[in-house]
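Step one of this worksheet: look at the structure below.
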Number of protein chains: 2
Amino acid sequence: MGKTFKWGILGTGKIANKFALGLATLPRAELFAVGSRSQEKAESFARTHGAKHAFGSYEQVAAHPEVDVVYVATPHPFHLPGASLCLKQGKAVLCEKPLTVNLQQAEQLVGLAREQQLFLMEAMWTRFIPAIVELRKWIQAGRLGKIVKLQADFSFKAPFDPQKRTYNPELAGGALLDIGIYPIAFAYMIFGREPVHVSSFAQLAPTGVDQQAAYLFGYEGGEIASLQAAFTADFQKSAFVIGTSGMVELPLFWRAQQLIVHLPEQKPQVFDFPYPSTGLQFQAEEVMNCLDAGMLESDVMPLDESLRIMAMMDRLRKEWGLRYPFEQ
Amino acid sequence: MGKTFKWGILGTGKIANKFALGLATLPRAELFAVGSRSQEKAESFARTHGAKHAFGSYEQVAAHPEVDVVYVATPHPFHLPGASLCLKQGKAVLCEKPLTVNLQQAEQLVGLAREQQLFLMEAMWTRFIPAIVELRKWIQAGRLGKIVKLQADFSFKAPFDPQKRTYNPELAGGALLDIGIYPIAFAYMIFGREPVHVSSFAQLAPTGVDQQAAYLFGYEGGEIASLQAAFTADFQKSAFVIGTSGMVELPLFWRAQQLIVHLPEQKPQVFDFPYPSTGLQFQAEEVMNCLDAGMLESDVMPLDESLRIMAMMDRLRKEWGLRYPFEQ
């Protein structure tokens, strides 16, 4: 076991709360400081989660000499300024997904981290949960044969409200950046390369952001990823990783605690991979392991992959004519 | 109950067998004659299913004065000649799906039926089974809210063999015409109109036919149909009809005997719609009802819809550069 790390968090919203709950399960992680634009919110968050310091600004977290690593949990458009602030103060950064709102911003952020020689990782927490770690081993070992198909959906019903984060273009709203990134990142993980075919169809909300969409990726070997994300309804909630020898079903794949193996002529076999708390702790453990090893990136969620995913989301938005107002 | 109908069947393959088994459950249907290019096969089929006449040619079935209606169960490329033969002899025709191998042939066949004022229907049997009849009532009644999404797959593993029907381009092989037509026809049934967006990706086998493919349809209201068919592996085997108020899952949708209703915050409810025999009898009942009523087409599976589906399959094949040798 390596050293204990002092964590800072920017933001006090839902995801910051979930992260703090996860962090509490890790003995070598200390929730040291939280920053918010509101001193009151920071204090309330610090009380709830036992953080040592509550700051009424992001700057104070970034500047605190004892902070080792900062988790950026603000809304998407504030990832670039928040994460940059921390990198400029010499802090390692775990940044909520999507890394930024577009490729231009993502390249800027990644460039800064590389220039500063500091650790940066996109918080694609799904990739570090036990079920997914196991799935990757199974695929590696050829247990499913050759993977020919991936099907993955993330959707929930979010009634239309132009002010809400989900639908507000000023906040880079839309299903794609909010939840579509999960099936897309999953496809990058499963196939490990760029698709040679990309097509998609989106329904835009009155605010111009995508309310529901499907994306179809085709790969050089003929493999297919059929992906979707939506705020219109609860869709099918499992992902399916389909190989020539068998299929794995992942109920609620982005937070999977179960792998259901379907082999020909056999009853489905259920394997459980329960985890404590919210599951957001596994990525924090990865960050600390990387820092211990002196690594500037994670091998499991490398920055070039974050850039490729961001480029794909830019490409899909372009197909739909979806530009955020701040991009004009 | 109307008159009893004397049925002829062209072909003695797997689907002809299944149809004969289904027909045996209908008291007013008589399996009267079977035709094959082989007298021996015809006789064996007639013995198995109790057909009165076994003919060593299709012509004899078509020409028999007592035959009321003929079911064309030959391989795809022989649908046009077989069905035309029967129409020219004044018979009503139920023709296996796909109606023909391309739009040009389908228009020719439909033109002939309309010119002769004879009944013709594509054997899209799924549409007539009890579960689907019930599903359509539920959708009509708004039980699922507005339908926003359809997901449907039909796939099985057929090892590559250039001679086999599945992979042989001379026999109009490929997953699309063989099984892809089921999800496509299902989308036409659910949304009742042409998509405004069509994209797809296919993996072609060494023989040039599609081994696996996914098709993405988008509709004017933003609705999405995500469809696939494959010979590469067993995919997810349920269709999902997703509305703003709930979702219906149809295990093995093309021969569904169950509707599983998923409503928000509720346990899934399972509704069983078992049927005897192979399920191919319901379309035969439809044919007889239409004939009783003096109709030349079915309202449930009209010829214009068969033409639209055929046109869509032509369009998809064109995207993939897939032409059958006899189309050159």
Side-chain angles (χ1 to χ4, degrees), chain A residues 144-153 155-157 159 195-205 210-247 249 262-265 319-320, chain B residues 144-153 155-157 159 195-205 210-247 249 262-265 319-320:
Chain A
L144 304 174
K146 180 181 178 290
I147 305 301
V148 292
K149 179 85 199 293
L150 166 68
Q151 204 167 299
D153 298 293
S155 64
F156 60 87
K157 196 169 172 176
V196 294
H197 166 99
V198 176
S199 57
S200 65
F201 180 73
Q203 177 190 11
L204 301 185
D210 61 307
Q211 190 153 17
Q212 70 171 9
Y215 342 120
L216 178 59
F217 296 173
Y219 296 89
E220 179 123 36
E223 302 87 346
I224 294 170
S226 178
L227 313 171
Q228 32 250 327
F231 291 151
T232 50
D234 283 322
F235 290 6
Q236 225 287 92
K237 285 178 180 310
S238 293
F240 296 87
V241 180
I242 299 153
T244 49
S245 316
M247 169 170 87
E249 178 183 354
H262 300 259
L263 298 177
E265 321 282 309
E319 280 193 18
W320 310 336
Chain B
L144 304 174
K146 181 180 175 292
I147 305 301
V148 293
K149 179 86 197 294
L150 166 68
Q151 204 168 299
D153 298 293
S155 64
F156 60 87
K157 196 170 174 176
V196 295
H197 167 99
V198 176
S199 57
S200 64
F201 181 73
Q203 177 190 10
L204 301 185
D210 60 308
Q211 190 154 18
Q212 71 171 9
Y215 342 120
L216 178 59
F217 296 172
Y219 296 88
E220 178 122 39
E223 301 87 346
I224 295 171
S226 177
L227 313 171
Q228 31 249 329
F231 291 150
T232 50
D234 283 321
F235 290 6
Q236 224 287 92
K237 286 179 178 310
S238 292
F240 295 87
V241 180
I242 299 152
T244 49
S245 315
M247 170 170 87
E249 177 182 356
H262 301 259
L263 298 176
E265 321 281 310
E319 281 194 16
W320 310 336

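Naming: A, B, ... by sequence-line order, numbering from 1 per chain. Side-chain atoms are counted along with the backbone in the values below, which use heavy atoms only and exclude waters and symmetry mates.
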**Q.** Selection from B:Asp153, B:Ile224, B:Asp234, B:Leu204 maximising heavy-atom pairs under 4.5 Å formed with chain A
**A.** B:Ile224
Q. What pair of heavy atoms forms the shortest contact from B:Gly221 to A:Gln203, and how long is it?
A. O-NE2, 3.3 Å
Q. Of all of B:Gly145, B:Ser245, B:Gly218, which one pairs up most often with chain A through heavy atoms under 4.5 Å apart?
A. B:Gly218
**Q.** Interchain contact, B:Ala202 with chain A, by part (heavy-atom threshold 4.5 Å)
**A.** neither
**Q.** Engaged part of B:Phe240 at the chain A interface, taking heavy atoms whose separation is under 4.5 Å
**A.** side chain
(Q) Looking only at side-chain N and O atoms, does B:Lys149 offer a donor or acceptor that is under 3.5 Å from a partner on A:Gln228? (A) yes
(Q) Need one label for B:Thr244: side chain, backbone, both or neither, based on atoms under 4.5 Å from any heavy atom in chain A. (A) both
(Q) Is the shortest side-chain heavy-atom distance between A:Gln151 and B:Gln151 below 4.5 Å? (A) yes
Q: Taking B:Ser155 for its side chain and B:Phe231 for its backbone only, find out whether a donor-acceptor pair lies under 3.5 Å.
A: no
Q.
For B:Gln211, which atoms come within 4.5 Å of any heavy atom of chain A: side chain, backbone, both, or neither?
A. neither
Q: Check whether any side-chain N or O of B:His197 sits under 3.5 Å from a backbone N or O of A:Ser200 as a donor-acceptor pair, and report yes or no.
A: yes
